Amino acid sequence: MTSGYPIRPLEEDDFLPIHRTLTAWWDDWGDPQAANQRMLLLPRLFFQHFADISMVVTDPRDEVAAYLIGFMSQSRAGQAYIHFVGVHPDLRGHGLGGRLYRRFFELCASRGATRVSCVTSPGNIRSIGFHRALGFEVATGRPHSGGFDVQPDYDGKGLDRVCFVRSLEPIATPDIEKSTSGGGHDVSAP
Ligand SMILES: CC(C)(COP(=O)(O)OP(=O)(O)OC[C@H]1O[C@@H](n2cnc3c(N)ncnc32)[C@H](O)[C@@H]1OP(=O)(O)O)[C@@H](O)C(=O)NCCC(=O)NCCS
């Protein structure tokens, strides 16, 4: 269904179209603050200064179908970080998120990354299942009733987070659409 949708690098002009998805693509069960919180997570600076290995998938009408915002760590050599990912609700479960992640693994591995990390909220069960399916391990922390560990107060007082870590095999050149190996056991929090 979506296998022919192209992946291209993120551009600054994607800022407003992607911001519109932050309202349109999420069902927030009536929480009016949730979309604003997502918008604060994605200011324009990401589209200006963190675009190198961030990506957009477009549909046949050239509309945004999915995106991944990630970067190489400025401070931790060999580490990459996935900050935000979104797939159009009608297209979820068809492999787009996995394609974006595998492409990101290749791009950051070709830049010397051997470890990629990301975080999600304890309530985002879909995201937790997705990251586990893609070979991420949950960092050891405080046990949560959902059957995974959380890092207490990770993003501020009361803002616990599930932290994911995945090892990557170093590669010389990115090879689009082919899967990578990985899935190491270093599970300290990012
Ligand atoms: C999470 C999200 C990005 C997944 O994208 P997707 O395109 O639906 O995922 P895919 O179809 O590529 O699935 C990739 C793998 O994850 C698995 N997966 C996806 N959703 C899952 C779930 N809810 N539970 C368990 N596994 C899941 C798939 O089975 C697949 O596994 P496989 O490679 O072994 O077949 C998408 O649901 C989304 O946009 N959610 C809202 C935004 C969000 O929560 N982002 C994450 C936090 S910022």
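Being a predicted model, the structure only gives us computed values, none of them experimental. Counting starts at 1 for both ligands and their atoms, in listed order.
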ask   = Is it the side chain (CB and beyond), the backbone, both or neither of Ile125 that lies under 4.0 Å from ligand 1, heavy atoms counted?
value = neither

Less than 4.0 Å from [atom], is there any heavy atom belonging to the protein?
| atom | result |
| --- | --- |
| atom 29 (O) of ligand 1 | no |
| atom 26 (N) of ligand 1 | yes |
| atom 10 (P) of ligand 1 | yes |

Is any N or O atom of [X], backbone or side chain, closer than 3.5 Å to an N or O atom of ligand 1?
| X | answer |
| --- | --- |
| His94 | yes |
| Gly86 | no |
| Val85 | yes |
| Gly98 | yes |

Nearest to [atom], what protein heavy atom do you find, and at what distance?
| atom | value |
| --- | --- |
| atom 24 (N) of ligand 1 | Gly129 CA, 3.7 Å |
| atom 37 (O) of ligand 1 | Arg126 CD, 2.9 Å |
| atom 7 (O) of ligand 1 | Gly97 N, 2.8 Å |
| atom 44 (O) of ligand 1 | Asn124 ND2, 2.8 Å |
| atom 17 (C) of ligand 1 | Ala133 CB, 3.5 Å |
| atom 18 (N) of ligand 1 | Phe130 CA, 3.8 Å |

Do the two ring centres, one from [X] and one from [Y], sit under 6.0 Å apart?
| X | Y | answer |
| --- | --- | --- |
| Phe71 | His49 | no |
| Phe130 | Tyr101 | yes |
| His83 | Phe50 | no |

inquiry  = If we only consider heavy atoms of Trp25, is any one of them less than 4.0 Å away from an atom in ligand 1?
reply    = no

task = Count the heavy atoms belonging to other residues, nucleotides or ligands that lie under 6.0 Å from CD of Gln33, then report whether that count exceeds 12.
result = no

task = May I ask you to decide if the ring planes of Tyr67 and Phe84 are parallel, tilted or perpendicular, using 30° and 60° as cut-offs?
result = parallel

Test side chain to side chain donor-acceptor pair (under 3.5 Å) applied to Arg161 and Asp153, Asn124, Thr120, Asp155, the passing residue = Asp155

request  = To the nearest 0.5 angstrom, please state how far the CD1 atom of Ile69 sits from the CD1 atom of Ile82.
outcome  = 11.0 Å

request  = Measure the CZ-CZ distance between Phe164 and Arg132 for me, rounded to the nearest 0.5 Å.
outcome  = 7.0 Å

message = Taking the basic N atoms (NZ, or NE/NH1/NH2) and the acidic carboxylate oxygens, is any pair closer than 4.0 Å for Asp14 and Arg44?
response = no

task = Would you mind checking if Arg38 and Asp28 are paired as a salt bridge, meaning a charged N to carboxylate O distance below 4.0 Å?
result = yes

message = Minimum distance, heavy atoms only, to atom 36 (C) of ligand 1: which one of Arg92, His83, His131 is it?
response = Arg92

ask   = In ligand 1, which numbered atoms sit nearer than 4.0 Å to a non-hydrogen atom of Thr120?
value = 47 (C)

